[in-house]
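Step one of this worksheet: look at the structure below.
Residue indices begin at 1 and follow the sequence shown. The basis for the numbers below is simple: all heavy atoms, side chains too, and nothing from hydrogens, waters or symmetry mates. First listed ligand is number 1; within each ligand, the first listed atom is number 1.
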Amino acid sequence: MASSQNALLTDSVQSSDAEAQQPRQGIVLEFDRLGYVIKGKTILHDVSGRAEGGEMLAVMGPSGAGKSTILDILAKRAHATSGTVTVNGDANPDMRSLASYVEQSDALLGVLTVQETIRFAARLSVDWSTPSSVVHLRVASVISELGLTDVVHNRIGNAVQRGISGGQKRRVTIGSALVAMPRILLLDEPTSGLDSRTSREVLLAIKNVARMHGMLVIASIHQPNWQTISLFDRLLLLAQGRTMYFGPTNRLDVFLAEGLDQPVPKHANPTDHALDIVTTDFIVDPGKRSKHVSVLADKWLAYLSAHPPDRVLECWNSEKGLLLHGRGDHALRHISNGVLDDCYKTALLMERNALNYSRNLLAYGVRLGMYLGMGVLLATVWVNLAQTAAKVNDRLSVHFFSVAFLGFMSVAGIPAFLEERQVFVRERQNGLYGPGPYVLANSIVTLPYLFICALLFAVLCYWSIGLNPGAEQFFRFLGVLFMAVYVAESQSTLVAAVIPIFVAALAIASFWNGFWMCVGGYFIRAVNLPRFWYYWAHFIDYQTYAFDLLVYNDFHGITLDCATESDGSCFCDYPSSLITKGQCSLAGDDVLVALGIRGIDFKLYAVILLLIALFYRTLLYIVLVLKKR
Ligand SMILES: Nc1ncnc2c1ncn2[C@@H]1O[C@H](COP(=O)(O)OP(=O)(O)OP(=O)(O)O)[C@@H](O)[C@H]1O
């Protein structure tokens, strides 16, 4: 089964090779005396190593040994304080285009199925002209190799809906990286959450692909059993950031016996034995802890000088036969460049976002429910407002509430955005696409969903409240609400991009909306605002423009009845220009004059709203360009 799938993978890959026409060149990654110091603490001390295409290198060590740190440095996500990393001799390799990094956490879209997730990862990693049959075969083989066939149509799962297991999620994350066929695959704890049999199967699948395509695999691994660790060609054993051993995995026992004089007990696992020796977690005295590790590090250096690495590696290479210099390795992943490619990526992301938003209750479902509920509430609380001067304030509050509430509820989209953002960060760091296609796709696909929210709200409450009865006025009401909601959505998205922590983003986005309410001109008339707030905040507040537009749309051209007092005089709640003409009425335009919004340019205000949205979206792009994680 696995071999037939491998054949499929080979075929599919060969087809895309022909198109990509990549040079066939082996890959060699070397790191030399890497040191890493952070906040005055030395995390890595002169760690060196080497791996080649087609090989698997395990980075092993107790918790806190520096395994993730070294992967971060190799992926160029952290910068070594000293030492060098070279790829085929290049001291400044473009790791974004060469490597995929699978982090410890699984950043996936919960409502997508296993197959959809891996298929999108595959499509995002190939050239736009790659035939879909190639992608299909590649996806099918990865799913089969990683043992995900039974759950292929199951959703990943999120806070609302339970999905596949944690171990299966881990495999989906690995599959999403594997299917992209990077030249270097870096895996941080790929087997966490997997039982020992599944760990071995997954690593075997990775090994098969690595050997077949000359992919170089480096994985940090905590405490594997011997069967699992023996799948790795080389092993780097660390403790407190120091090298305890680096060399062929199958020679670890030789080193333990010869170098440390602590042979592996009969029937014991050499890696367990090695970890027992180097683990210092239970030595209470910090001085004794670091002395213990220093002694072991010195013993390794002494062993290394007595057994030069070339000799060790030569011996090892002859065991591997043709592997290293056999099949060439190919950069199968297509790295985004050019407008055409960006368009292709944008279209793909739009397709994925549409799928996500249509299924994800947290994206728009909750909001749709709230807008429906609020539409019904408005329709019943403000039901059938009489067209009288006494009801002017009630009408104004409808417009304020519509803008403020619909805008405010955009914070409900933050959890879904944060989930999407994590996927973006992972895919962007792996070089699949940049912030441009992401922001564009997000900005476009959001539109129809927000429009539906605004439409439902407007249909439910507009006629029932008895706002300006013209059809044109209804569509303007809808259009203004839609724009206001879009600006509010852009604002909340921006906040969550700057502070990708749910509670903090929620609090700040809510505060920001509350702030706009204060300076928008409803609670306190704009002309009465303290000058400081009036001159800057009032004029950049989207609620100012949306509220003014709704009020203008409702009041312009209508006439409201005033009250006739017991003495026969006419009382209007606002100064009326019609009383002098003998009518006991108030012109809607008189209200607009009193509010200071007479004669506003509807189109200009609508354009300002769009510009504010565009401004937030541009800021979102800039934030994502600058903020890499
Ligand atoms: N940004 C940082 N600031 C301070 N200390 C750090 C930072 N990054 C890593 N460390 C420290 O460096 C040490 C190594 O961390 P690292 O995550 O690389 O270990 P690890 O071997 O991957 O551990 P685990 O197996 O538990 O994931 C730890 O003691 C950690 O606390």
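In terms of modelled atom types and a separation under 3.5 Å, the side chain of K627 and the main chain of A497 share no donor-acceptor contact. A distance-only check finds no donor-acceptor pair linking the side chain of H273 to the backbone of P265 [under 3.5 Å].
Between F424 and Y433, the ring planes are tilted. Angles from 30° to 60° get that label.
For E419 and R421, the salt-bridge test fails: no basic side-chain N is under 4.0 Å from an acidic carboxylate O. One finds a salt bridge joining E427 and R352 here, because a Lys/Arg side-chain nitrogen approaches an Asp/Glu carboxylate oxygen to under 4.0 Å.
Per-residue contacts place K41 under 4.0 angstrom from the following atoms of ligand 1 (heavy atoms of the residue considered): 29 (O). Here is the list of ligand 1 atoms found below 4.0 Å of a heavy atom in H222: 25 (O). Remark: ligand 1 atoms within the under-4.0 Å shell around heavy atoms of E189 are 25 (O).
Ligand 1 lies within reach of G66, whose nearest heavy atom is under 4.0 Å from it. A65 counts as a contact of ligand 1, since one of its heavy atoms falls under 4.0 Å from the ligand.
Nearest protein heavy-atom contact of atom 18 (O) of ligand 1 is T69 OG1, 2.5 Å. Ranking the protein heavy atoms by distance from atom 27 (O) of ligand 1 puts Q104 NE2, 3.3 Å first. Among protein heavy atoms, the minimum distance from atom 23 (O) of ligand 1 is reached at G64 N, 2.9 Å. Taking atom 26 (O) of ligand 1 as the reference point, the nearest protein heavy-atom neighbour is S63 OG, 2.6 Å. Counting only heavy atoms of the protein, atom 25 (O) of ligand 1 lies nearest to K67 NZ, 2.8 Å. Counting protein heavy atoms only, atom 7 (C) of ligand 1 is closest to I38 CG2, 4.0 Å. Atom 22 (O) of ligand 1 has its closest protein heavy atom at S68 OG, 2.7 Å. Counting only heavy atoms of the protein, atom 3 (N) of ligand 1 lies nearest to K39 NZ, 3.6 Å.
Proximity of atom 1 (N) of ligand 1 to the protein is indicated by at least one non-hydrogen atom lying closer than 4.0 angstrom.
Exactly one residue among F246, F255, Y245 makes a ring-ring contact (aromatic ring centres under 6.0 Å, His included) with Y303. That residue is F255.
When only interatomic distances are considered, the shortest N/O to N/O separation between I43 and ligand 1 does not fall below 3.5 Å.
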- Task: Please report the C-alpha distance between L301 and S305 in whole Å, then the side-chain angles of each, then the deciding distance to 0.1 Å, and finally whether the side chain to side chain contact (heavy atoms under 4.5 Å, CB included) criterion is met.
- Result: CA-CA 6 Å; L301 289 176; S305 56; over 6 Å; no
- Tell me, with the steps shown, if R242 and D46 meet salt bridge (charged side-chain N to carboxylate O under 4.0 Å, His left out). CA-CA 7 Å; R242 290 175 187 272; D46 288 345; over 6 Å; no
- Query: When you look at Q429 and R77, which way does the side-chain hydrogen bond (donor to acceptor under 3.5 Å, both in side chains) test go after all the steps?
  - Reply: CA-CA 9 Å; Q429 290 196 325; R77 293 182 183 189; 2.9 Å; yes
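The aromatic ring centroids of F232 and W226 lie 6.0 Å or more from each other.
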